[in-house]
2 protein chains.
Amino acid sequence: MRHDGRLSRMLHVLLHMDEQQGPMTSEDIAGMLGTNPALVRRTLAGLRDGGYVTSERGHGGGWMLGRPLSEMTLADVYDAVGAPEVFALGLADDQPQCLVEQAVNTALRQTLDEARALLLRRFAEIRVSDLRDDFAARAAALGIHPGMRCAEA
Amino acid sequence: MRHDGRLSRMLHVLLHMDEQQGPMTSEDIAGMLGTNPALVRRTLAGLRDGGYVTSERGHGGGWMLGRPLSEMTLADVYDAVGAPEVFALGLADDQPQCLVEQAVNTALRQTLDEARALLLRRFAEIRVSDLRDDFAARAAALGIHPGMRCAEA
DNA sequence: CATTTTGTAACTTATCAAGTTTCGAATAAC
DNA sequence: GTTATTCGAAACTTGATAAGTTACAAAATG
Ligand code: FES
Ligand code: FES
């Protein structure tokens, strides 16, 4: 099944925004992600509603961080992109008549709920700034200037 | 995202097979699941390869359990249907050049791997016969004969 | 007013589980 | 051995939806 990359993409964008001076336009960002501006706007809209980024129209406009990365967790970003379905595994029928199928659903639902809870708990523990720090460590280890952009290379 | 219901469906089928005298044809099963025989064969093929069910062709043929439900875990069935992708959440790019994106991927991958491991560990702890027992308890609580079939009602 | 840039709606594409059709091969009943 | 049944398997269509695209209105700057 094709997966949902919105969380992954938005984290990437936030980190690049952090190491950027002024605002980034949707076009800048789209170039970075290898996609197009309209999609960027669509997805960033959720982050704007959550106050994690701000947008300005017109000359010199674009997207900027709405707060420091240390004040955003992965869970915040996950929620901001619409809290998409976590699992590809699912139930054949949510409310079956069949008692047998109800037993199956109960067991699967419990197990999936538990795994989802663990995942979201972990997401809530990780600040976006932690990823930046990991990135800085990587760059240092490789002796690479941390400001690189793959799209510009 | 549309989810993958193969595990759920196959568990349902196994439980019905267990409370059945003789073999069930693909058509019987398809009627139960609200689907069609070819799809049933396609999915059950994996369980047959794992020895969890057997199939016989011709008159009086069909599908039967290959071993008791107490000797199959949810993890066994999950593997037998092809160990489908667990998560709908995914990475935008698996092997990015960008160090920033690599940091994002590392963090997400770790967290997803942890949640997947928990899920599969739980699956390995649950025997299919446990679901049957839960079903029996449900039926008793409702005062319903446990042999009911929704498709026949 | 001309230009830049977001906001938004409408539409197309890609993907893959699910669903369908079809025919061949094996088995059993007669 | 002929017929009915049933699985096996390949080839194809459908449905759902994230992603991608197009287009244009609205707002801000100079
Ligand atoms: S997209 Fe991250 S460096 Fe280019
Ligand atoms: S499908 Fe489970 S009782 Fe009918």
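We name chains A, B, ... by the order of the sequence lines, and we start the count at 1 in each one. Quick caveat: nothing in here was measured; it's all calculated off a predicted structure. Any value given below was found using the heavy atoms of this structure, including those in side chains, with hydrogens, waters and symmetry copies removed.
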Leu131(B) to Leu11(B) - nearest heavy-atom pair and separation: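 Residues Leu131(B) and Leu11(B), closest heavy atoms: CD1-CD1, 4.2 Å.
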Can you see whether Ser26(A) engages Trp63(A) through a side-chain donor-acceptor pair at a distance of less than 3.5 angstrom?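 Distance-only check passes for Ser26(A) and Trp63(A).
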Are any side-chain N or O atoms of Glu85(A) and backbone N or O atoms of Ala88(B), one a donor and one an acceptor, separated by less than 3.5 Å?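 Between the backbone of Ala88(B) and the side chain of Glu85(A) there is no qualifying donor-acceptor contact (under 3.5 Å).
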Under 3.5 Å donor-acceptor, Asp76(A) side chain and Thr73(A) backbone: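 Indeed, once roles are kept as given, a pair shorter than 3.5 Å links the two residues.
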Would you kindly give the [atom1]-to-[atom2] distance between [X] and [N], to the nearest whole Å?
X	N	atom1	atom2	answer
His3(A)	dA19(D)	NE2	C1'	11 Å
Arg9(B)	dG19(C)	CZ	C1'	10 Å
Trp63(B)	dT6(D)	CH2	C1'	11 Å
Glu27(B)	dT20(C)	CD	P	13 Å
Met17(A)	dT6(C)	CE	C1'	13 Å
Met10(B)	dA17(C)	CE	P	14 Å
Leu39(A)	dT8(C)	CG	P	15 Å
Asp28(B)	dT6(D)	CG	C1'	11 Å

Given dT6(C), dA18(C), dA19(D), identify the nucleotide with an atom nearest to the side chain of Asp4(A). dA19(D)
Counting only side-chain nitrogens and oxygens, does [X] get under 4.0 Å of the OP1 or OP2 atom of [N]?
X	N	answer
Ser55(A)	dG7(C)	yes
Thr35(A)	dG20(D)	yes
Ser26(B)	dT6(D)	no
Thr25(A)	dT5(C)	no
Arg48(B)	dG8(D)	yes
Asn36(B)	dG19(C)	no

What's the spacing between Leu39(A) CG and Leu33(A) CG if we round to 0.5 Å?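 Between atom CG of Leu39(A) and atom CG of Leu33(A) there are 8.5 Å.
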With the side chain counted from C-beta on, respond yes when Val86(A) and Phe87(B) share a heavy-atom pair under 4.5 Å apart, and no when they do not.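 Yes. Closest side-chain heavy atoms under 4.5 Å.
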Generate the contact string for nucleotides 22-30 of chain C. Rules: B means base contact, S means sugar-phosphate contact only, - means no protein heavy atom under 4.0 Å. --B-SBBS-
Under 3.5 Å, is there any donor-acceptor pair linking the side chain of Arg42(B) to the base of dG19(C)?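 A donor-acceptor contact between them is present.
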Report the residue (Ala45(A) or Gly61(A)) whose heavy-atom-nearest nucleotide on DNA chain C is the more 5′ of the two.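 Of the two residues, Gly61(A) wins.
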Would you kindly confirm whether Met64(A) and Leu69(A) end up in one hydrophobic cluster when ILVMFWY residues are joined by side chain heavy atoms under 4.5 Å apart? no
